[in-house]
Structure formats: C-alpha cells, structure tokens
Amino acid sequence: MNQETEVTPTAFQQKVYAACSRIPEGKVSTYGSLAKSVGCGSAQAVGQALRVNPFAPQVPCHRVVKSDRSLGGFFGQSSGPEVKRKIRLLEKEGVKLDPSSRVLPAHMWNFT
DNA sequence: ACCGTGACGGCGA
DNA sequence: TTCGCCGCCACGG
C-alpha cells in the first residue's frame with residue numbers, strides 16, 4: 001500500500017494559494033501585490049510558496065508575474081520549457097504578451 | 001538554533 | 001536605459 005506522501009502546506013502557503021485563486025481569468029497579479037494580500041512584505045516568500053504549489057494549475061499560479069512585467073518563473077524554473085507552458089496558459093485565458101519584449105501589457109494590472 | 005537558498009522588488013551607478 | 005547590489009520573508013537541511 002502506498003502511504004500518502006501528502007505534504008501539509010504551511011498556513012502561509014495556503015494563504016498564498018487562496019489569494020492566487022482569487023485572480024480572475026484574463027488578469028494577472030504580481031508576487032509583491034500577492035505578498036501584501038497575505039500580509040507579507042516579501043515577494044520572494046510568495047514565490048517560494050507558489051514554487052511548491054501542489055494545486056497547480058488548479059491554483060492559477062501562472063497568473064502571477066513579476067512587477068517588472070516579465071513572466072517570472074513556473075514550476076521552479078525561471079526560464080525554460082515550463083515557462084513557455086505558462087505563456088501558453090495565459091494566452092489561452094486571453095492574456096497575450098508583447099511579442100517583441102515578451103512582457104505583459106499593463107492593461108491587466110488592476111488586480112491587487 | 002543557524003545558515004544558505006529562492007518563481008522578487010526597489011534603488012543606485 | 002541597463003546592470004548590479006542589497007534587503008525581506010519563509011523554508012529546508
């Protein structure tokens with residue numbers, strides 16, 4: 001019998017996942033804004049949480065990008081094939097990147 | 001209990 | 001404008 005190797009996310013992680021789930025489709029948020037939502041002053045800490053997100057992509061962590069308007073990372077990879085998958089998901093939800101600079105348009109920065 | 005690492009952010013040169 | 005450094009927070013070893 002397989003033992004349930006179920007990891008229990010910390011309270012902090014669950015808050016991040018919850019906040020991330022609140023991001024509407026077609027919109028994106030930033031790690032920093034999300035951090036504020038969970039009462040944290042560090043965007044990096046949020047990244048750590050999403051990095052181990054066991055609920056992905058159910059939890060739309062792919063809608064979280066850098067304040068820099070760049071994509072950030074996906075599944076632990078700052079760049080690579082997984083990040084391309086992230087772009088793919090966003091485009092499917094109506095979020096298109098600028099083909100030149102590969103950054104997100106500022107039109108969707110309405111969600112905190 | 002301590003240190004290093006990390007899907008970041010802001011400021012300075 | 002671009003590149004680099006430091007600072008914050010949370011987590012694993």
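Below, chains carry the letters A, B, ... as their sequence lines are ordered, and counting in each starts from 1.
One distance of note links CG of A/Leu71 with NE2 of A/His62; it measures 11.5 Å at 0.5 Å rounding. Taking SG from A/Cys20 and CD from A/Gln14, the interatomic distance works out to 14.0 Å, rounded to the nearest 0.5 Å.
Distance A/Asn53 CG to B/dG6 P: 19 Å, rounded to the nearest Å. Here the P atom of nucleotide B/dA7 and the CG atom of A/Leu104 are 19 Å apart, to the nearest Å. As a whole-Å value, the separation of A/Leu50 CG from C/dC9 C1' is 14 Å. Computed from coordinates, the A/Arg85 CZ to B/dA7 P distance equals 18 Å when rounded to whole Å. Between the C1' atom of B/dA7 and the CD atom of A/Gln77 lies a distance of 10 Å, rounded to the nearest Å. In this structure, A/Phe12 atom CZ and C/dG12 atom C1' are separated by 15 Å, rounded to whole Å. In this entry the distance linking NZ of A/Lys66 with P of B/dA7 reads 10 Å, nearest Å. Per the geometry, CG belonging to A/Leu90 stands 13 Å off C1' belonging to B/dA7, to the nearest Å.
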* Asked: When you look at A/Ile23 and A/Val28, which way does the side-chain contact (heavy atoms from CB on, under 4.5 Å) test go after all the steps?
  -> CA-CA 7 Å; A/Ile23 305 176; A/Val28 295; 5.6 Å; no

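Cluster membership for A/Val103 and A/Val95, using ILVMFWY side-chain heavy atoms within less than 4.5 angstrom, is not shared.
Side-chain N/O atoms of A/Ser67 include one lying less than 4.0 angstrom from OP1 or OP2 on B/dG10. The shortest distance between the side-chain N/O atoms of A/Thr10 and the OP1/OP2 oxygens of C/dC11 is below 4.0 Å.
Nucleic acid contact class of A/Tyr31 (heavy atoms, under 4.0 Å, all strands): base. Across all strands shown, A/Gly32 has heavy atoms under 4.0 Å from sugar-phosphate atoms exclusively, and none from any base. The residue A/Ala45 sits close to a base: some heavy atom pair falls under 4.0 Å.
The partner of C/dA10 is B/dT5, by the rule that a Watson-Crick or G-U pair needs both atom distances under 3.5 Å.
Between the side chain of A/Glu82 and the backbone N or O of A/Gly76, no donor-acceptor pair lies under 3.5 Å.
Comparing atom distances between the A/Cys40 side chain and each of B/dA7, C/dA10, B/dC8 picks out C/dA10 as nearest.
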